[in-house]
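Protein chains get the first letters and strands the later ones, always in sequence-line order, with residue 1 at the start of each. Note that the structure is a prediction, hence the values are computed from the model and not measured.
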Amino acid sequence: MALQRPKGTQDLLPSQTAKWQYMEEMMRKVCREYGYEEIRTPIFEATELFQRGVGETTDIVNKEMYTFLDKGERSITLRPEGTASVCRAYVENKLYSGPQPVKLYYIGPMFRYERPQTGRYRQFHQFGVEVLGSEKPVVDAETISLVWDLYQRLGLKNLEVHINSVGCPSCRADHRQKLQEFLAPRREELCRDCQERFERNPLRILDCKNSKCQELTQGAPTTADTLCEDCQGHFNALQELLLAAGVVFRVNPRLVRGLDYYRKTAFEVMVEEIGAQSAICGGGRYDGLTEEIGGPPTPGIGFAMGMERVLAAIEVQKAMPDQVERPFVMVAALGKEAEGKGFALLQALRHAGIPAGMDLLGRGLKAQLKNADRQEAKLALLIGEEELQRDSFILRDLSLGEQQEFPWQDALALISQRYREEHGA
RNA sequence: GUGGAUGUGGCGAAGUGGUUAACGCACCGGAUUGUGGCUCCGGCACUCGUGGGUUCAAGUCCCAUCAUCCACCCCA
């Protein structure tokens, strides 16, 4: 094999893109209903944006970025996520000077340099939403509800929505200290990764998958135990709103997300059945992020959804409606003159909104019919020497195997009528 | 970065050291010179990811290398 696609990338062929379009249309539709507008930011940004926005301690920045120098010696990075770019665009385009909050969504490719496996790619796609300019819990509730509604519309089942509050910088410092005090006596027993996390980011120990670590953190102070009044009130209000909206969720005090910018609300949606990478959506509040990248202090909340994983869930749950677009009629013409006449009719059919096709390889009648059959066309319209002379055509019903000859002038009307009958219009 | 599995025609897949590399699907042609789907007949791999080694003999054993897949870490 001469050349193949780079590791961790994929070619989405027509049988797949139809499904992607279905999913994307649903996302856009729900966003429209919720009053979110699309934003498109560059696929690459200054490396510094992600270093500051995503955080120096994160795996994304430490080992997963596609970074290179351009010809002007600038350090460029293929975006590993969307939030930092959206905040940058909000600041750079002074969206804070317009009506608040600003409700945005994006759909597009993201890049992370990792070993690929099921549900994980180096180039993958995210649908995400960001709301900038409101710190009220009702915004948190709105974004989570949007996710919930979207999944309902896509027909997904067996979802688990986990929510938590990771607190603000002040209560987080408090929590961090209490957690360290709790774990200190048995620090040596933690897994190697968690020994390092102990100093750098002890919260992460709470969601370590290592069974020993999970055992050691039994009874450890959770974020819920140490939230300040403001954060606790926010979290309570969010839960009430979600209950009112009918969103089924679970409070998971161990949910700690990997990105540095989260404050207060953090949430995640999981589906088993799609392999080890079961998180199909993750998000949270990031009230300090805009300031971090040089903008005015602006509260924000958002989520990102892995589209490959959502699609995988739709497929394993068999929730994908049939996306195949079949031609209703295939025009089978024999000879040059018939081809011209047939082609004119073909175009008239298409202009009338009827999916129609014609042989493009100059094949014989037999091959043309075979092709029509393979395309699963309902009808075949035959026109050859004899029909040309009689100014007629043969209309063959491919499923019944019956055919009849009609005057040429009736072709468009006849087929249009058949089409309407078939489609109940 | 770590661990495991796999690599035979377009696809799926036999083959476990010994002549011409099963079979199924798909594809192409014919039976039916203007009629598809069903059936029947025929065709379709100088070669087994790549490179090296062992052997009288290698798709089959060994080494290396590349690729893919799965899992860990982490994340969408």
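- A side-chain N or O of A/Glu308 and one of A/Gln10 form a donor-acceptor pair less than 3.5 Å apart.
- A donor-acceptor contact shorter than 3.5 Å is absent between the side chain of A/Asp373 and the backbone of A/Leu369.
- Contact annotation for A/Ala372: no contact, since no heavy-atom pair falls under 4.0 Å across all strands.
- B/A64 and B/G7 have their C1' atoms separated by 16 Å, given to the nearest Å.
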Worksheet item: After noting the C-alpha distance and the side-chain angles of A/Asp174 and A/Thr226, does the key distance pass the side-chain hydrogen bond (donor to acceptor under 3.5 Å, both in side chains) rule?
Response: CA-CA 7 Å; A/Asp174 185 29; A/Thr226 50; 5.3 Å; no

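- Judged by distance alone, the side chain of A/Glu135 and the main-chain N or O of A/Gly133 form no donor-acceptor pair under 3.5 Å.
- Taking atom C1' on both nucleotides, B/U60 is separated from B/A22 by 15 Å, rounded to a whole Å.
- We find that CD of A/Glu308 is positioned 13 Å from P of B/A76, with the value rounded to whole Å.
- On the P atoms, B/A58 is 26 Å away from B/C66, given to the nearest whole Å.
- Side chain of A/Gln368 to main chain of A/Ala333: a donor-acceptor pair is present (N/O by atom type, distance under 3.5 Å, no hydrogens or angles).
- Atom C1' of B/C44 sits at a distance of 14 Å from the matching atom of B/C23, rounded to the whole Å.
- One interatomic measurement links the two molecules: CZ of A/Arg363 to P of B/C27, which rounds to 12 Å at whole-angstrom precision.
- Here the side chain of A/Glu56 pairs no donor or acceptor atom with the backbone of A/Val61 at under 3.5 angstrom.
- Side-chain contact, A/Thr223 with A/Asp225: no donor N or O sits under 3.5 Å from an acceptor N or O.
- Note: NZ (A/Lys63) to P (B/G1) measures 11 Å, nearest angstrom.
- Taking the ring centre of A/Tyr113 as origin, the terminal cationic atom of A/Arg122 falls inside the region bounded by 6.0 Å and 45° from the ring axis.
- Rounded to the nearest Å, the gap between the C1' atom of B/C62 and that of B/U54 is 7 Å.
- Mapping A/Ala279 and A/Tyr113 onto RNA chain B via the closest heavy atom, the residue that lands nearer the 5' end is A/Tyr113.
- B/A5 and B/G43 have their P atoms separated by 41 Å, given to the nearest Å.
- RNA chain B is contacted by both A/Ala276 and A/Met307; A/Ala276 maps to the nucleotide lying nearer its 5′ end (nearest heavy atom per residue).
- Look at CD on A/Glu64: it is 11 Å from C1' on B/A76, rounded to the nearest Å.
- Contacts of A/Glu114 with the nucleic acid, taken as non-hydrogen atoms under 4.0 Å apart, include base atoms.
- Among the heavy atoms of the strands lying under 4.0 Å from A/Gly119 is at least one base atom, whether or not backbone atoms are also near.
- A donor-acceptor pair shorter than 3.5 Å cannot be found between the side chains of A/Gln126 and A/Glu81.
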Practice prompt. Could you summarise the pairing of RNA chain B as dot-bracket text, marking Watson-Crick and G-U pairs under 3.5 Å with ( ) or [ ] inside the strand and | across strands?
Written response: ((((((((.[[[..)..(....]]].(((((.......))))).....[[[[[..)....]]]]])))))))....

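- Each of A/Glu292, A/Glu130, A/Arg263 was checked for a side-chain contact (heavy atoms from CB on, under 4.5 Å) with A/Tyr286, and the lone residue meeting it is A/Glu130.
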Fill in: Under 4.0 Å protein heavy-atom contact, by nucleotide of nucleotides 32-39 of chain B - B base, S sugar-phosphate only
--BBBB--

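- When only modelled atom types and interatomic distance are considered, A/Gln21 and A/Glu25 share no side-chain donor-acceptor pair under 3.5 Å.
- Here the separation of B/G53 from B/G15, taken at their P atoms, is 29 Å to the nearest Å.
- A salt bridge (charged side-chain N to carboxylate O under 4.0 Å, His left out) with A/Glu38 holds for exactly one of A/Arg32, A/Arg28, A/Lys103; it is A/Arg28.
- As a whole-Å value, the separation of A/Met305 CE from B/C75 C1' is 15 Å.
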With 3.5 Å as the limit, what N/O pairs link the protein to nucleotides 66-69 of chain B?
| residue | atom | partner | partner atom | Å |
| --- | --- | --- | --- | --- |
| B/U68 | OP2 | A/Lys7 | NZ | 3.0 |

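- Remark: the separation of the P atoms in B/A14 and B/A67 is 25 Å, to the nearest Å.
- Nucleotide B/A76 holds its P atom 9 Å from the OH atom of A/Tyr106, rounded to whole Å.
- Using a cutoff of 4.0 Å between basic side-chain nitrogens and carboxylate oxygens, A/Lys63 and A/Glu114 are not scored as salt-bridged.
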